[in-house]
Structure formats: structure tokens, C-alpha cells
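Any value given below was found using the heavy atoms of this structure, including those in side chains, with hydrogens, waters and symmetry copies removed. By convention here, the first residue in the shown sequence is residue 1. We count ligands from 1, going down the list as the structure has it; atoms in each ligand are counted the same way.
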Amino acid sequence: MKRPSKIRLGVNIDHVATLRQVRGGTTSYPDLMHFALEAVRGGAEQITIHLREDRRHIQLADLQLLAKKRPVALNLEMAASEEMLRFAKKYRPDWVCLVPEKRQELTTEGGLDVVKGAKRMSPMIEKLQRIGIEISMFIEPSREQVLASYEVGADAVEFHTGHWVLLKGDKKKREWKRLCEAAKLAHHLGLGVHAGHGLDPEHTRKIRALPELREVNIGHFLVCDALNEGLRKSVRRLKDVLEGK
Ligand code: PXP
């Protein structure tokens with residue numbers, strides 16, 4: 001039997017920064033680098049961050065520090081803008097994942113429209129690849145978007161799994177079929193197959209069956225689960241302080 005190839009785990013630590021930024025960055029905790037290293041100790045092969053235009057979580061200083069220390073590969077999710085291109089050229093992450101970005105959205109709600117943006121994205125991708133950065137496109141699992149990603153010269157596609165995760169019944173089955181077909185096409189064209197968004201343990205188990213999957217990027221569940229696992233101990237610590245221990 002053919003052994004399934006290894007799936008790389010990218011841990012997205014944006015929401016560690018979200019918790020810091022709700023106090024405007026005035027606290028020294030949570031320490032992003034500490035959590036990046038904890039993720040690596042747990043087995044993360046990549047650290048993923050999204051430097052958003054509105055800087056709601058990750059700040060430029062975080063990118064600077066992670067790029068310098070780089071305990072494992074660094075994957076920078078970013079909008080295809082001139083400002084972000086400058087940062088990527090300066091800090092040289094191992095991967096850039098191009099994502100769509102709207103200021104009002106709660107999270108990255110849909111995939112990138114590579115068909116529409118091809119003219120603008122192609123030269124950007126070329127400039128980044130010339131300095132050794134690999135490029136993935138965060139897209140919906142559609143034939144058109146996979147073909148356009150190939151046309152613009154990307155190295156990989158990351159399929160947006162967020163809708164599939166939320167769907168139920170027949171609609172979920174149809175979306176899974178769409179994901180599988182898009183993954184096969186991407187692989188056939190020589191593109192790496194990545195996936196991410198909304199993955200929890202149940203869907204992470206299922207996504208392993210996606211043809212040719214090489215990488216997943218997971219954030220929100222992991223940060224929430226870390227809170228679940230740790231709060232009792234943290235409360236105990238402060239109770240001890242209150243009790244003069
Ligand atoms: N991949 C991409 C391109 C994303 O934009 C995000 C969300 O920032 C993720 C993966 C991780 O999604 P989640 O936080 O839901 O696990």
C-alpha cells in the first residue's frame with residue numbers, strides 16, 4: 001500500500017496577537033515569540049501570520065522579529081498590495097500566501113479572485129520568486145481559480161476550507177467533491193496543494209483524505225484549545241498569589 005505523504009502543519013498565531021492587541025499592545029503578554037516556540041515544540045513545521053492592512057492583530061514588529069528568529073519556515077499571508085510587497089521583499093518569509101482582504105470582514109471570508117487580479121499579481125509573484133520566496137494563492141476550490149493560479153506562476157494553492165467546514169448534509173458532500181477535483185487539477189498542473197480555514201480536529205482528520213495534500217494552516221481552533229487546556233492552571237496560579245502562597 002502506498003504510504004500517504006507527510007502533511008506539513010503551519011500554525012497560524014494571529015489570534016495570540018489579537019489577545020495582545022485588545023489592550024492596544026500595552027501588555028507584554030501574550031508574548032508572540034513564546035507561542036511561536038511553543039507551537040514548534042508541539043510539532044509545527046511552519047509559523048503562519050497575516051499582516052492585515054488594519055493591523056488588528058499581527059504588527060510589523062512581529063513580522064520583523066519572527067523573520068529574524070525564524071525557528072521554522074515563515075509563511076506570510078498578505079494582500080496583493082504594493083505596501084505588502086515592500087514588506088515581503090524586506091523580510092523575506094519562506095512563503096507568501098496571497099489572500100483577499102476587506103477591512104470590514106471578521107476573518108478572510110472568501111478566496112482570492114486570481115482570474116480578475118492576474119495582471120496585477122503576476123509581476124508581484126515574479127518579483128517575490130526571484131528572491132527565493134514561494135507563493136501560494138488562497139482560493140476557492142474552483143477550476144477557474146486553479147487554472148488562473150497556474151497561469152500567474154504560483155507554486156501552490158491553498159484551498160479555503162471555511163465553507164466546507166460549516167456546511168451540512170448534501171451541500172457538504174458537494175463542496176468536498178469540489179475540493180477533491182480542484183486538488184487533483186492543481187496537482188496535475190504541478191501546483192502544491194495546501195488547505196486552511198476553520199479546521200478543527202474533526203475536519204483536520206477528514207482533510208487528510210484530500211488528494212495530494214501537502215500542507216494545512218490552522219489557527220483559531222489551536223488558540224482556543226490552548227485556552228481550554230490552560231485556564232484552570234492559570235486561575236490556580238492567581239489563587240495561590242491571593243492566598244499568599
Ligand atoms: N489560511 C489562511 C489563508 C487564512 O487566512 C487563515 C485565517 O487567518 C487560516 C489559514 C487559518 O484559519 P483558522 O484561523 O480558521 O484556522
Report the nearest protein non-hydrogen atom to atom 5 (O) of ligand 1: residue, atom name, distance rounded to 0.1 Å.
Glu77 OE1, 3.1 Å
State the atoms of ligand 1, each with its element, that fall below the 4.0 Å cut-off from a heavy-atom position in Ile218.
16 (O)
Report, in ascending order of atom number, the atoms of ligand 1 lying under 4.0 Å from any heavy atom of Asn217.
10 (C), 11 (C)
Atom 8 (O) of ligand 1: which protein heavy atom is closest, and how many Å away?
Asn12 ND2, 3.4 Å
At less than 4.0 angstrom from any non-hydrogen atom of Val99, what atoms of ligand 1 do you find?
3 (C)
For atom CZ of Arg41, is the number of surrounding heavy atoms from other residues, nucleotides or ligands below 6.0 Å larger than 12?
yes
Which of the listed options, Gly198, Cys97, Gly219, Gly111, holds the heavy atom that is closest to atom 15 (O) of ligand 1?
Gly198
Specify the protein heavy atom at minimum distance from atom 7 (C) of ligand 1: its residue, its atom name, and the distance to 0.1 Å.
His197 CD2, 3.8 Å
What protein heavy atom sits nearest atom 14 (O) of ligand 1, and how far away is it?
His220 N, 2.8 Å
Interatomic distance, Ile207 atom CD1 to Trp176 atom CH2 [nearest 0.5 angstrom]:
4.5 Å
Taking heavy atoms and a distance under 4.0 Å, where does Glu158 meet ligand 1: side chain, backbone, both or neither?
side chain
Against ligand 1, does Phe221 come closer than 4.0 Å with any heavy atom?
no
Arg55 CZ: over 12 foreign heavy atoms closer than 6.0 Å:
yes
State whether Glu243 and Arg236 are salt-bridged, where the test is any N-O pair (Lys NZ or Arg NE/NH1/NH2 against Asp/Glu carboxylate O) under 4.0 Å.
yes
Please tell me whether Thr48 and Asn12 have a donor and an acceptor in their side chains that are separated by less than 3.5 angstrom.
no
Atoms of ligand 1 close to Phe138 [distance to a heavy atom under 4.0 angstrom, numbered from 1]
2 (C), 3 (C)
Got a salt bridge between Glu175 and Lys172, using NZ or NE/NH1/NH2 to carboxylate O under 4.0 Å?
no
Distance only, no hydrogens: is a donor on one side chain within 3.5 Å (strictly under) of an acceptor on the other, for Glu140 and His163?
yes
Would Glu83 and Arg86 pass as an ion pair if we require N to O under 4.0 Å?
no
